[in-house]
Enquirer: 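This is the structure I want to talk about, given as structure tokens.
In listed order, ligands and their atoms are each counted from 1. Just the heavy atoms: all of them, side chains too, but no hydrogens, waters or symmetry mates, feed the values below.
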Amino acid sequence: MLEIKEISAGYGATEVLHGISLTVEEGKITTLIGGNGAGKTTTLNCIMGVVKTLGGSITWKNRDISKLKTSGIVGMGISLIPEGRHIFPQMTVMENLEMGAYNRIDKKEIIREDLAWVLDLFPVLKSRYKQFAGTMSGGEQQMLAIGRSLMGNPELILMDEPSMGLAPIIVDEVFDIIHKIQNMGKTILLVEQNATLALSSAHYGYVIELGKIVLKGTGQELLNNPEVEKAYLGL
Ligand code: ATP
């Protein structure tokens, strides 16, 4: 379980998170929704140690990780799939997947087994393993970014706007994969602007506005909440 308590953070003199608290239950999908600039990406970057917190705590496996370096946080089983995927465009699909396992100290056979099931999970990556990643479609690149993250064998996966820029049918494929990954026992914190999709998929959700959590509840509760409907579901 990941527990964020009262964190604040910002850039330079500007504070953009003002005492955020949220819990990500093990084995579940938790979502953080909110409009542009609300602080979703900053929250993920705080968890990863990319943005330093100014106060509060982030506890993972009974340890406050808020002062750790990013490499230490990755080493504790947390992986971020950033907005815009950030795959390595000049490398092949296979090389990108191998990069995902770069930090692992497991035996080669275990990594090879993981590669086999990741390729089984994504037939599109299997059939294109020699293709340069930069020449893949947006949906394929998102699959690759998820596959690369899985190659690091994380327990907790942070996903920043996986639906961004993808056609609806591809978004459905990406979300099918997210459910499969959760069913494998991974824990997911999903940041999304597509609130309907995120809340329909998540067990629990939080709404962030101007750096503060303003609402929380099960995915279904938030979907039925009139304030959420008005502000985020376009109803
Ligand atoms: P979006 O959905 O548009 O990505 P978000 O909810 O993820 O939005 P953040 O990217 O966390 O929001 O941004 C929160 C606030 O912090 C915004 O006002 C943004 O302009 C500011 N901000 C983000 N990154 C930086 C940065 N590197 N330097 C300065 N300000 C930043």
Enquirer: Going by the order shown, which atoms of ligand 1 are within less than 4.0 Å of some heavy atom of Val16?
Expert: 15 (C), 16 (O)

Enquirer: What is the distance from atom CG of Asn194 to atom CZ of Phe175, rounded to the nearest 0.5 Å?
Expert: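 So the CG of Asn194 and the CZ of Phe175 are separated by 6.5 Å.
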
Enquirer: Tell me, which protein residue and heavy-atom name are nearest atom 22 (N) of ligand 1, and how many Å apart are they?
Expert: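 Ranking protein heavy atoms by distance from atom 22 (N) of ligand 1, first comes Tyr11 CE1, 3.3 Å.
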
Enquirer: Might you check, step by step, whether the distance between atom 27 (N) of ligand 1 and some protein heavy atom is under 4.0 Å?
Expert: yes

Enquirer: Only heavy atoms of Gly35, strictly under 4.0 Å: list the atoms of ligand 1 that pass.
Expert: 6 (O)

Enquirer: Nearest protein heavy atom to atom 3 (O) of ligand 1, by residue and atom, and its distance?
Expert: Asn36 ND2, 2.8 Å

Enquirer: One thing to verify: whether Lys126 and Asp120 come together as a salt bridge, which I'm taking to mean a side-chain N less than 4.0 angstrom from a carboxylate O.
Expert: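 The answer is yes: the pair qualifies as a salt bridge.
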
Enquirer: Any side-chain donor-acceptor pair under 3.5 Å between Thr42 and Tyr11?
Expert: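 Result is yes, a qualifying pair exists.
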
Enquirer: Checking a contact table here: which protein heavy atom is nearest atom 18 (O) of ligand 1, and how many Å away?
Expert: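 Heavy-atom neighbour on the protein nearest atom 18 (O) of ligand 1: Gly37 O, 4.0 Å.
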
Enquirer: Among all protein heavy atoms, pick out the one at the shortest distance from atom 12 (O) of ligand 1; state its residue, atom name and that distance to 0.1 Å.
Expert: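 I find the closest protein heavy atom is Gly39 N, 3.2 Å.
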
Enquirer: Is any side-chain heavy atom of Glu192 less than 4.5 Å from a side-chain heavy atom of Ser201?
Expert: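 Not in contact.
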
Enquirer: Count the heavy atoms of every other residue, nucleotide or ligand shown that sit under 6.0 Å from NZ of Lys52, and state whether that count exceeds 12.
Expert: yes

Enquirer: Consider only side-chain N and O atoms of Asp160 and Thr41, and report whether a donor and an acceptor are under 3.5 Å apart.
Expert: yes

Enquirer: For Gln141 and Ser137, does a side-chain donor sit closer than 3.5 Å to a side-chain acceptor?
Expert: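 No, Ser137 and Gln141 have no side-chain donor paired with an acceptor closer than 3.5 Å.
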
Enquirer: When you measure from atom 2 (O) of ligand 1 to every protein heavy atom, which one gives the shortest distance, and what is it?
Expert: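 For atom 2 (O) of ligand 1, the nearest protein heavy atom comes out as Gln193 NE2, 2.8 Å.
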
Enquirer: Considering residues, nucleotides and ligands other than Leu210, do more than 12 of their heavy atoms fall under 6.0 Å from its CG?
Expert: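 Counting neighbours around CG of Leu210, 12 or fewer heavy atoms of other residues, nucleotides or ligands fall under 6.0 Å, so no.
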
Enquirer: Check each of Glu83, Glu15, Lys40 against atom 4 (O) of ligand 1 and report the one with the nearest heavy atom.
Expert: Glu83

Enquirer: May I ask you to identify the nearest protein heavy atom to atom 9 (P) of ligand 1, giving residue, atom name and distance to one decimal place in Å?
Expert: Thr42 OG1, 3.6 Å

Enquirer: Ignoring angles and geometry beyond distance, decide whether Ala38 reaches within less than 3.5 Å of ligand 1 through its nitrogen or oxygen atoms.
Expert: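 Yes, there is a polar N/O contact under 3.5 Å.
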
Enquirer: As an exercise, identify every atom of ligand 1 less than 4.0 angstrom from a heavy atom of Glu161.
Expert: 2 (O)

Enquirer: May I ask you to say whether Lys61 pairs ionically with Glu155, meaning some side-chain N is under 4.0 Å from a carboxylate O?
Expert: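 Glu155 and Lys61: salt-bridged.
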
Enquirer: Identify, for atom 10 (O) of ligand 1, the protein heavy atom at the shortest distance, and state residue, atom and that distance.
Expert: Thr41 CB, 3.6 Å

